[in-house]
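Atoms within each ligand, like the ligands themselves, are counted from 1 in listed order.
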Amino acid sequence: MKTKNKIYIIFLGAPGSGKGTQADMLGEYLNIPVISPGELLRHEIETKSLLGRSIKKKLSKGQLVANDIVEKIIDKRISKKDTQNGFILDGYPRRLKQASLLKDRLKKITSQNSVLVIDIIIRDKVIKERVTGRRVCDCGATYHLVNNPPKKKDVCDLCGLKLYQRDDDKHNVIADRLKHFHARVRKINKYLEKYYKIVKINGELSIKDTKNEIIKIVKNEIE
Ligand code: AMP
C-alpha cells in the first residue's frame, strides 16, 4: 500500500512479543523502512567491526547498549533517503532518555499526529515459551521449534545453513530481559502518551490475526 501522508510508527512490546515480525510485515505493507537497533547492532557484530567487538558481550547477556552508541546508529539510519515517507521503529526507545531524544527528533521532521505508537501486550509466560523455542539463521530467517519448525531439523529451509539459538533467547537471559523491560516500559509509555496516540494490541493472537488488527488500525489512521 502506498501512503499519501507520512507516517511514523513506534512499536513497543517486550522482547519476544512478536513486534519485530509485525514491524517487518507492516513495513512491507506500507512500503516504509523498519529501523531496528537490535538488527543494526547484530550486523556490527557479524561484520566484526570495532563497534561490534565492543558490544558483543552486552548483546549476548541481553543488556542494553550505551545510549551514545544507539543514538549514533539511529541517526545514521534515519538520515538515509528511504525514510522520506516515514519509518517504523522496532526496539527503540527502550530507555526514557531515548524516548525524549526521539520526541525531539520527530518534532523536527513531522507533526505529532503523523506518529502512532503500537504497544503489543503479551504475558511473560507466553513470551518465555515463544522465545526459548526460537531458532534463527544468519540469512535472517526465523523459525520456532513448535510453531514454525524448519523442514529439516536445525537446517534453514531458505539457505541450508545451520540454525542456532540467539544467546539472548536462552531461558535465564530472557527472564532477566523481561525484568528490566517491565521496570522501564511504564515510564516510557507514560512519556510517549503525552505526545502521541498509543494503541494496545493483543500479542497473544496468531501472527496473522495480530497483523490484521494492526493493519485495520493503521488504515484508520492514514485514511
Ligand atoms: P532486539 O533485536 O530488539 O531484541 O535487541 C537485541 C539487543 O540489542 C538488546 O538486548 C540490546 O542489547 C540491544 N538493543 C536493541 N535496542 C536497543 C536500544 N534501544 N537501546 C539499547 N540497546 C538496544
Side-chain angles (χ1 to χ4, degrees), residues 8-27 33-49 51-78 87-106 117-120 122 124 126-144 163-189 191-192 203:
Y8 298 83
I9 295 176
I10 303 167
F11 267 94
L12 296 181
S17 62
K19 65 180 180 334
T21 306
Q22 294 299 335
D24 286 346
M25 290 192 296
L26 187 61
V34 177
I35 301 180
S36 153
E39 282 288 318
L40 297 168
L41 294 167
R42 274 191 293 279
H43 176 74
E44 294 292 332
I45 294 175
E46 276 151 28
T47 56
K48 296 189 169 66
S49 71
L51 172 62
R53 275 177 271 161
S54 75
I55 58 173
K56 198 170 174 197
K57 244 195 189 151
K58 286 262 181 215
L59 263 86
S60 68
K61 287 187 183 164
Q63 293 169 353
L64 293 189
V65 169
N67 271 350
D68 55 342
I69 294 176
V70 177
E71 293 310 317
K72 243 184 239 157
I73 59 161
I74 286 280
D75 271 339
K76 192 170 158 201
R77 182 61 189 87
I78 286 181
F87 52 76
I88 297 175
L89 289 170
D90 160 28
Y92 184 90
R94 272 187 161 126
R95 285 193 174 107
L96 193 56
K97 176 78 186 157
Q98 293 178 359
S100 106
L101 290 169
L102 175 63
K103 187 258 298 171
D104 295 342
R105 203 180 268 125
L106 287 171
V117 182
I118 298 178
D119 188 7
I120 300 192
I122 175 168
D124 284 6
V126 181
I127 289 181
K128 283 180 191 159
E129 284 162 12
R130 279 190 190 172
V131 169
T132 51
R134 180 158 63 188
R135 295 294 178 271
V136 297
C137 177
D138 277 339
C139 77
T142 303
Y143 300 85
H144 188 278
L163 303 178
Y164 61 94
Q165 185 177 33
R166 267 167 54 179
D167 283 341
D168 55 349
D169 280 349
K170 293 186 176 151
H171 192 272
N172 53 341
V173 179
I174 189 66
D176 207 43
R177 289 180 79 189
L178 286 170
K179 196 176 89 194
H180 291 295
F181 165 78
H182 290 300
R184 290 192 182 101
V185 71
R186 201 166 315 139
K187 285 185 203 154
I188 294 176
N189 257 287
Y191 182 84
L192 293 176

Sorted by chain and residue number, the ring pair (Phe, Tyr, Trp, His ring centres under 6.0 Å) partners of Tyr92 (sequence neighbours excluded) come out as none
| field | Greater than 12 external heavy atoms within 6.0 Å of His43's NE2 | value | no
### Message
I'd like to know if the side chain of Gln165 reaches the main chain of Thr132, judged simply by a donor and an acceptor atom lying under 3.5 Å from each other, with no hydrogens or angles considered.
### Response
yes
Checklist entry - Just by modelled atom types, is the Gly18 backbone N or O under 3.5 Å from a matching donor or acceptor in the Gln22 side chain? => result no
Arg105 and Asp75, any side-chain heavy atoms less than 4.5 Å apart
yes
Checking Ile73, Val70, Leu51 against Val65 for side chain to side chain contact (heavy atoms under 4.5 Å, CB included), the one that qualifies is Val70
Within the protein, flag every N or O under 3.5 Å from an N or O of ligand 1, and note the pair and distance.
unit_1	atom_1	unit_2	atom_2	d
ligand 1	2 (O)	Arg42	NH1	3.0
ligand 1	2 (O)	Arg42	NH2	3.0
ligand 1	3 (O)	Arg94	NH1	3.0
ligand 1	3 (O)	Arg94	NH2	3.0
ligand 1	4 (O)	Arg166	NH2	3.3
ligand 1	4 (O)	Arg177	NH2	2.9
ligand 1	5 (O)	Arg94	NH1	3.4
ligand 1	10 (O)	Arg177	NH2	3.2
ligand 1	12 (O)	Gln63	O	2.5
ligand 1	16 (N)	Gly91	O	3.3
ligand 1	16 (N)	Arg94	NH1	2.7
ligand 1	19 (N)	Gly91	O	2.9
ligand 1	19 (N)	Gln98	OE1	3.0
ligand 1	20 (N)	Gln98	NE2	2.9
ligand 1	22 (N)	Val65	N	3.0

